[in-house]
Amino acid sequence: MSDRIKEGVIKVVCETLKVDEADVTLESRFVDDLGADSLKSLELVAGFEEEFDIEMEEEAALSVKTVGDAVTFISKVVKEQHG
Amino acid sequence: MKLVIFEDQSFDNFYPLTYLRPVFELRCGATLLMEKMRRLHPGAEAVYFMRAALRDTFLQRYPGARVNDLDAIRSDDCLFANGRLLLAATALPGGPSAVCMAGDQVAFARADKATLNSGAAAQAATLEDLLAVLKGLPQADLPADAHMIGYPWDLVHHNADAIRADFAAAGKRGVEGQKALQAVIYGDPERVYIAPGAEIHPLAVIDVKGGPVTIDAGAEVHPFTRIEGPTYIGKKTILFGAKVREGTSIGPMCRIGGEVEESIVHGCSNKYHDGFLGHAYVCEWVNLGALTTNSDLKNDYTNVEVYVKGQLTDTGMNKVGSFIGDHTKTSIGVLFNTGTVVGMMTNVVNTGGICPKLIPSFCLHYGKPMKGFGFKSMVDTARISMSRRKAVMTEADLELLKYAFEIAKPERDAMIKKARKG
């Protein structure tokens, strides 16, 4: 798992959901722990796409539940789209 | 004689209204453009030409219609009518073979069987090729009361006159449905038609001083509704204390409240609550949330510009509202700027400000366009809203939605990407 991607994901999560970095772990669940509603989830997807210059398939991206899973998912997409 | 109603290459001037229907199936007045053509040429058998992707859903709506059938038209004399023609009370003129041009497009042409089966016309492999040949025929004139519709706002602009013409052509007057004693017809009762099964509740006012009003079969007009003619209220539509201003056409099975002025609601759409809709065209399966409002007049009274094919276009008019595609939903309190184009199957969520003048199709607009919950989720929502009217999305409907998604995708993706960078 790339540290750069982990840092980028946490940065977007903190900016979008207005949470402190100290409260975000890889196990944090977007909805249950970080308070993301459906619109915030869409903003997170848009934020990740902007941060990493990637395009994610909407339904797959929205099915990701935790910060750690997002890092894994985005790492895969970054590898596919940027090598 | 065959009446050949065809789309020309201008169908995309009308996006998003024409993603799911041919141009001639757009509404103006009480009826669709194609219905006026058929009404004025009653002896002719209709043959329709449209984009191939629209064929199956069109046939669902008009079973047995002849669609994109070039062979059918060579067996008869034909009257070719551009689908953008708005006819009023006058039929297209008869006579020897001739053509009427509107710019570089055929407005209408008449050609006898011999003309169609001789020379270059006989060799034409497509309708477009055939029309190119017919452009060489002697010139004919458009009836004085006919218009070629070029853009969506033209439909709205001509709507009041089209309602008057449709009312006159239908020739129906009086109350065949139920009108409560405490409901008022203000003006000449000969300018009202309340169809069988329609119901006008107490404390509704139908003001026909400015023009005729038709309340079609099964419609309900609830208390505190005021309708100003010319207006058409479609079959099984319900008005909930609405202020319906002059020049408004509401298609079948709509739920309308708040204030609507000089607008066309194609059918099966909801604007249940307060909020203003003016000089707008709203397609099917749209839901406008409470207090959704569009501007139709700029504060400096200058001409309104509207996005057509990605370019701002001067409408030449100072009253132009919104053009809203099929299956689009708005949240409470959405504010549309003057002359806004809202794509189809888009979810517009209020963020407190006025929306931009172009909102792409198939997105979620939350301050800026985003991808939203995905195509499958949009289709699932559409199935639910259709089921509320006991309609079922067929495989053909779904295929057409997929086609529209692909057509709209480049603009949508570009706008989403641009919004991210902004």
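Letters A, B, ... are given to chains in the order of the sequence lines, protein chains preceding strands, and every chain is numbered from 1.
Remark: aromatic rings of B:Phe323 and B:Tyr281 are distant, center separation not under 6.0 Å. A distance below 6.0 Å separates the ring centres of B:Phe240 and B:Tyr272.
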Margin query: Could you walk me through whether B:Lys417 and A:Glu49 satisfy the salt bridge (Lys or Arg N to Asp or Glu O under 4.0 Å) test, starting with their C-alpha distance in whole Å, then the side-chain angles of each, then the deciding distance to 0.1 Å, before giving a yes or no?
Written below: CA-CA 9 Å; B:Lys417 205 166 247 182; A:Glu49 289 185 329; over 6 Å; no
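Scanning residues 13-25 of chain A against chain B with a 4.5 Å non-hydrogen threshold yields no residues. Within residues 58-65 of chain A, the residues that have a heavy atom under 4.5 Å from a heavy atom of chain B are A:Glu58, A:Glu59, A:Leu62, listed by number.
In terms of heavy-atom pairs under 4.5 Å with chain B, the best-connected choice from A:Glu57, A:Glu55, A:Met56 is A:Glu55. Heavy-atom pairs under 4.5 Å with chain A peak, among B:Tyr366, B:Phe375, B:Phe373, at B:Phe373.
Contact check for B:Leu335 versus B:Thr292: no side-chain heavy atoms found under the 4.5 Å cut-off. You'll find the side chain of B:Val348 reaches within 4.5 Å of the side chain of B:Cys355, heavy atoms only.
Interface residue A:Ser38: backbone and side-chain heavy atoms are both found under 4.5 Å from chain B.
Within the structure, salt bridge (charged side-chain N to carboxylate O under 4.0 Å, His left out) pairs that include any residue of residues 265-291 of chain B comprise B:Arg21-B:Glu284 (at least two apart or interchain).
Using a cutoff of 4.0 Å between basic side-chain nitrogens and carboxylate oxygens, B:Lys402 and B:Glu399 are scored as salt-bridged.
No side-chain N or O of B:Asn287 forms a donor-acceptor pair with one of B:Arg255 less than 3.5 Å apart. Between the side chains of A:Thr66 and A:Asp69, at least one donor N or O sits under 3.5 Å from an acceptor N or O.
Between the side chain of A:Ser75 and the main chain of A:Val71, a donor-acceptor pair closer than 3.5 Å is present.
With sequence neighbours excluded, the residues that form a side chain to side chain contact (heavy atoms under 4.5 Å, CB included) with B:Asp397 are B:Thr57, B:Gln60, B:Met386, B:Met393, B:Thr394.
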